[in-house]
Structures are given as structure tokens and as C-alpha cells.
Undergrad: 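Below: one structure in C-alpha cells.
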Number of protein chains: 2
Amino acid sequence: NKQLMIKNKLIQNASSGTYHYLPSMTRSMNKLVQIIDKEMKNIGAQKIIMPCLAPKRLWEKTDRWKTMGSELFKVVDRNGAEHCLSPTHEEAVTSIVASDSPISYKRLPIKLYQIGKKFRDEMRPKHGLLRGREFDMKDLYTFDCTLEDAQRTFDEVCSAYSNIFTWLDVPFVTVEASTGAMGGTKSSEFHLLSEVGEDILYRCDSKDDGGNKTVNNNVRCTQNGCPGVMHKRAGIELAHAFVLDTKYSNAFKAKFIDASGNKRCLVMGCYGIGVSRLLASTIEMNSTKDKLRYCSLLAPYQICIIPQKEGYKSDVTWGMSESLYDRLTDTTNLHDEVVIDDRLHMSIGQRLNQAVASGYPYIVALGKKVAIFPTTLE
Amino acid sequence: NKQLMIKNKLIQNASSGTYHYLPSMTRSMNKLVQIIDKEMKNIGAQKIIMPCLAPKRLWEKTDRWKTMGSELFKVVDRNGAEHCLSPTHEEAVTSIVASDSPISYKRLPIKLYQIGKKFRDEMRPKHGLLRGREFDMKDLYTFDCTLEDAQRTFDEVCSAYSNIFTWLDVPFVTVEASTGAMGGTKSSEFHLLSEVGEDILYRCDSKDDGGNKTVNNNVRCTQNGCPGVMHKRAGIELAHAFVLDTKYSNAFKAKFIDASGNKRCLVMGCYGIGVSRLLASTIEMNSTKDKLRYCSLLAPYQICIIPQKEGYKSDVTWGMSESLYDRLTDTTNLHDEVVIDDRLHMSIGQRLNQAVASGYPYIVALGKKVAIFPTTLE
């Protein structure tokens, strides 16, 4: 069985702010998840799965049942009990760790993450996957003994995030941000500078390393001695990192026993990547109006083989296509990365144009001659 | 970074009928997903992702907004629009295919599947993952020209399902079932015979191949000439397969163009595996009251290394553990399958007992001597 193409579309709108991911997009998503999993493993984070439905009593413990306001989707079950569709999982993960509390300091830090669906009842869903009501997040939660340890974990996670964006060739900027409703002591955001971005950042015009979200436009850079002036830019928030301190561990009595035998609240951090937003941004960033382009690690397939249109001698190129497919998938690391465009009622030219527009890194067209087209990023 | 164990628990109750999957369970789940993906690829099925939230108008097209009754979780958004938390995706997937309709018969069959969260507002959630309110399903939807083609697809999918259960050493039985509320012309279920099962099956006492859910107890087997009598058994439904005919394609005008150029409704099938239920069943089936046991393909890790307790010369066995870990993960296909139990404040014996109870297929204890324990299924 060859992987046949059913359509060239990536996503399809399902309702306001929700999308179907079609086969190509699902493959890209899966590749992105693997890249993130690998970097999470490198920092010793363990993957878990938490439910989307969360009971009201859990969110009341931190008062966020009220303070999250109308962005929280609420569900009433057949017994009249209330739940929310989780937009984030600080309460849930802290309740898990609290159930094992107090934890010996020797077992810290603990780092737990998941990659899954999140829900937010957006007032104005827009820009496709950039601002949806149901979206994919990678959320990591960390548990340390002290603020100093939590800061070390913060730096380690930020470095893993930088690796992820570097793998994906995403030219990100990091900005300092206020901790806002999340609470905590420190916060950084990772942004892609983009005209469609909805966040306003201030970047110093004399250097190229970060910025922030609170300094005004046309104000002097805050770094000691820097002669630069801050300028307004639009950014897409791809990830954020918070040192949460003990806000949630205190609410759930999630504690550890220190070296002197005292029980103390765990010092937490939380770290999110907007996975569907990141995927959409990388595609948007690389593509033109007419041509899809992926960073090569996220291309749904690496190679598209196009045999001749049905008719005179088309069975020859069909046979060649199949044997090329078998050789590539059996003997190289391109297993599962090759597709044959078997729409033989269409001319090679038509399919070649579509394949170029679809963003295959390599296309092999088998007509009277064999032509190989690498379609590199421009 | 080694993978450290944070707890031996597999799941943790989050609310009535919902569960957190802790790191070990998440690893097993991931392995099960890979086995299913492989068999789905073998029958040419393509993976997609559909949203959990589905708009009311979609479910009204088939009248299931009403007929699903109180098991359907309903959500009202900030604008007053109604949605459900999808318990299944016939409506959604048919709307996707309909948007590309009419499809040339040459592109059929189309097979689309996903693995993800499903929601059902169960009256009485029970038996942990066996009957939850939020659970994992693999749902496959197929689109053919004729009932005959759909029957061929049905046989092919049932054979893939048999492969999956065989990989997992699950002694399943297939039973004929009524199509019920789902509609359609043919239905089979895959069951694990088990005392905690909630389905009543009737099995012929003179042979060992299947049964059904409609013939009464103590009635003669319906197969021609069979002298057997049907007996009642309890089963856990692990999977089902339906030929749906045109119920959904008709509602959504999902059509194809046949070889004569006529537009006709696509003939559909739908095929589900209760992924979290299957995982829980295989663990339940293999384990004893005191000891977890996995089918080897689903064991979270293959090997646990236990170095000596901290104290006299413990640094020697720690060094040995690390070099064994590195050799196993660098030079074998056990990459990411080895764990070091670094709770050095505990004796080897304590940790060995826990490791045996946790279901590691192999345990290496490094004390004064080295002992290797294969903990095979009994």
C-alpha cells in the first residue's frame, strides 16, 4: 500500500476557531511533537496525559474558576456538576504532585509535561491556527526546592526552547514580560516578529537580543549604558516561561521535605509552547502566496514521485515509480517519507505544478526523461 | 539525563470518570498508538485530527443532537452558540469528505482515522479506564463506491484489528452485533472475555470462533448443522466495526462520480478501538493482585538497573550502572528503554521488590554480585 494523496489542503475550518488537520498537516504536527519530545527528554522531563475536563472544585482552589472570566469554557454534566475545558493545567498537575506530598528533596526537580488539546473561549478567533478556541499546547510544569533552583530550571528550559526553535529555523526573539494573572516572579516570552502578530513588543534599535512588553516606544533602552531607543514591533507569541513560585503549591499543599527535615512548599515553574500556532507560523513564514514551503524537518513527506499520465507506455513509468518507491523506503531512512502521485488521469505538468505548490522538498517526475526537482526554501 | 522514576502509579483519578495518565502509563499508551498507526498504515489509512468541540448544526444534520440523549456533553460558548464534546466523529469526517465532493471513483476507497480524546457523559463511570467520561479512541472512517466494496474494506479492517490484538497477545473473540443507533447494515465487535465485562455475549459450546449478542442462552447454535448450544459469557468490548451504508453520506451529500459519470452517495464504514480501555484491559489481564505485568510490547521500559544503597562502595555500582545504561542505550535498540532506580536511600531488596511489582521485563541488580532477573509473564 502506497500513501495516496487525498487532497492538498492542510486544514479545514470546522467551526469558529476550530479546525480539522488533514493528513499532511497531521504528519507535520507529529514531526513537531517528536522534536519537542526529544528536547523534553534531554532536560529529564517526563510525559503525562491530563484530562481536558476539570472539575470546578479544582479551579476554585486557586480562585481561577472566577478570575479566568468568560474565556473559560464551562460544561455541566448530567448530575448538574460543573467542569471546565482546561485552558492550562497548573491546578491539575499540582494536585497530582500534592497527592505524593511531601516529597523528599532528593527526588527534585520533578518535570512533567504533556502535549494536547487546550480550550479557550476566544472573543474573536482569527488567523486560523494562530488564535483558535481549541488548540494544541505543550505544557511543562516543574517543581524545585528553592527559587534559586527554579531559576536554574528556568534557564535550562529556555535553552531547550531555543534548541527547538533553532531546529525549526524560526528566527525568534525573547522578551521579558509581566507575570499577570498567572502569578509568579519571572516571565519570558518567545516571539516570532511578524506583521500579523497581535502582541506589541519593544525592541532596542542598537542591539538584537530581546526586548520587552512594558517599556514604551521611543524610550531609552533600559540596559546600563546602552545608547539605543526602544521601537515598537508586532510579534506572535510562540512560547512562554514562568517562575511561578509557590502560588499553586501553596493552594494544593504540594510540599517537599528539605535536608533538615522541614516541610516546605514546592517552588514551581510553568512553560508553554503553542504547538499548533508554532506549526502554522513556520509554514506561514516559509511559504509564498502560491507555494507552500516547510522547514525540512516538518515537511509532511520528503519526496513525491510523479509517473506518466495513463495511456501510451504509462505502465512503464508506473513500474519504475513503484520500484523507486520500494528502494527508497526499504534501503534508506526515507521509510514512510515517499509518496506516489497516482492521479494518472492528470498530466505530469499539472501534477508537477501541484507538487511544487504543495511544498515537497524533492520531486521526481518520470516522463520521457526523469527529472528531479529539489524545491529548496528561497 | 537518565529517566528517573517519580512514582510507580499508572493512573490517578482526576474526577468521576476522568484520569491522569502518569509517566509509565503515558509511555505504554504511546507504544500502543504506534502499533495501531502501523496497522492503519498497512491498510492505507491516513491519520487526521478532528476537534473535540463540534457545533450543534453539524449534529442536527443527522438528528443525533437529539437522539444521542443525555450521554452527549453540551457546551454553550460566550456567544450563546451550542457545541458538543464529540463522542464520535461520523458527522465531522463526512463533512470533510463532502467538502471535496463529488470525488472520482478512481480515488476510492478513502480511509481516514484519528487517535484522540472522546467524551461521553456516562451515568455510572466505573472500572477505571474501562468506562470513563473522557477516554481515548482510535476511530477510522472509510468511503467506498458500493456495499460490496465496503464489505471488502470491512474484512480488511477486521483483519488489521486481529493483527493488533495478536501483537498484544489479547485472546479476543469476535461477535455479530446489531447496528443499533449507529445505523448501517453490518456490525462486528471484538471482545475480551472477562468477568468484569459489561456486555453479555452468547458463545457456542462446541466451537471456539465467535458468538453474538442477540441469540438467547441455552438456544441451539444458529450455524447449519452445528450441534452446540449457546452459553452466556461476559465480555469487554475492545473494538467495533460497522458498515454504515449511506446514512451519513446522504445527510451531508458526500458523493462520488462513478465510471458512467453518475453522482452517487459514498458507502461508509466506521471502525473504533477503545484505546485506553484496551490498554487497561491488557494490563488487567496480565497482572496479579501484587504484580503489574505488561505484554512486552507495551511495557513502559524494558530494563531497570538497581545500584547499591548509598554508603560503603556504592559509588562503584553507581558507576557500573551508568556505564551499563550508556552501553545499552547507545549500542542496542533499547535506546530510551532503560531506567536507573536512583533512590539510593533505599536498599537493593526494597527496590528489587518494587521493580518486580512494577512489571519491568528485565531487572539488573548491582550489589556484591550482579543478578539479572527476567520477570516473564506467568
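This structure is a prediction, so every number in the text was calculated from the model and none was measured.
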Undergrad: Mind checking whether R343(A) and S104(B) have side chains closer than 4.5 Å, heavy atoms only?
TA: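 In short, these two side chains do not touch, never coming nearer than 4.5 Å.
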Undergrad: Name every donor-acceptor pair, under 3.5 Å, that has one atom in a side chain of residues 79-87 of chain B and the other anywhere in the protein, sequence neighbours excluded.
TA:
unit_1	atom_1	unit_2	atom_2	d
E82(B)	OE2	K56(B)	NZ	2.9
H83(B)	NE2	D77(B)	OD2	3.0
S86(B)	OG	C52(B)	O	2.9

Undergrad: For each of S70(A), G132(A), P55(A), tally heavy-atom pairs with chain B at distances under 4.5 Å, and name the one with the top tally.
TA: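 Sorted descending by pairs with chain B, the first entry is S70(A).
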Undergrad: Which atom names give the shortest non-hydrogen contact between I48(B) and Y21(A), and what distance separates them?
TA: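 Taking I48(B) first and Y21(A) second, the nearest heavy atoms are CB-O, 3.2 Å.
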Undergrad: Please identify each residue that fulfils side chain to side chain donor-acceptor pair (under 3.5 Å) with T94(A), with sequence neighbours left out.
TA: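 Listed in chain order: nothing, the list is empty.
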Undergrad: So what's closer than 4.5 Å to chain B heavy atoms on K106(A): side chain, backbone, both or neither?
TA: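 Side chain only.
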Undergrad: Considering only heavy atoms and a distance below 4.5 Å, find which of M50(A), R133(A), E134(A) pairs most often with chain B.
TA: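 Top count of heavy-atom pairs under 4.5 Å with chain B: E134(A).
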Undergrad: Non-hydrogen contacts under 4.5 angstrom with chain A: give the residues of residues 114-123 of chain B involved, or none if there are none.
TA: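 Near chain A, by residue number: K117(B), F119(B), D121(B), E122(B), M123(B).
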Undergrad: Within this structure, what is the CG-CG distance for the pair L22(A) and D100(B), rounded to the nearest 0.5 Å?
TA: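 Reported value, rounded in 0.5 Å steps: 9.0 Å.
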Undergrad: Based on non-hydrogen pairs under 4.5 Å, which of V76(B), I103(B), V75(B) is most in contact with chain A?
TA: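 The answer is V75(B).
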Undergrad: Evaluate the side-chain proximity of D336(B) to K41(A): yes if any heavy-atom separation is below 4.5 Å, no if none is.
TA: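 Yes. Closest side-chain heavy atoms under 4.5 Å.
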Undergrad: Report the distance from atom OG of S95(B) to atom NE2 of H20(A), rounding to the nearest 0.5 Å.
TA: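 Between S95(B) OG and H20(A) NE2, I get 4.5 Å after rounding to 0.5 Å.
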Undergrad: Can you name the salt bridge (Lys or Arg N to Asp or Glu O under 4.0 Å) partners of R78(A), sequence neighbours left out?
TA: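 Testing R78(A) for salt bridge (Lys or Arg N to Asp or Glu O under 4.0 Å), a comparison that skips the adjacent residues, returns none.
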Undergrad: NZ/K47(B) to OG1/T26(A) distance, rounded to the nearest 0.5 angstrom?
TA: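 Here the interatomic distance stands at 8.5 Å.
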Undergrad: At a 4.5 Å cut-off on heavy atoms, which part of A54(B) comes close to chain A: side chain, backbone, both, or neither?
TA: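 Neither part.
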Undergrad: Heavy atoms only, distances under 4.5 angstrom: which of G17(B), P51(B), A92(B), S15(B) has the most pairs with chain A? Name it, please.
TA: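 Ranked by heavy-atom pairs under 4.5 Å with chain A, first place is P51(B).
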Undergrad: For residues M29(A) and I49(B), determine if any side-chain heavy atom of one lies less than 4.5 Å from a side-chain heavy atom of the other.
TA: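 Yes. Closest side-chain heavy atoms under 4.5 Å.
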Undergrad: What heavy-atom pair brings A14(A) and R57(B) nearest, and what distance separates the two atoms?
TA: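 Nearest pair, atom of A14(A) first, then R57(B): O-NH2, 3.5 Å.
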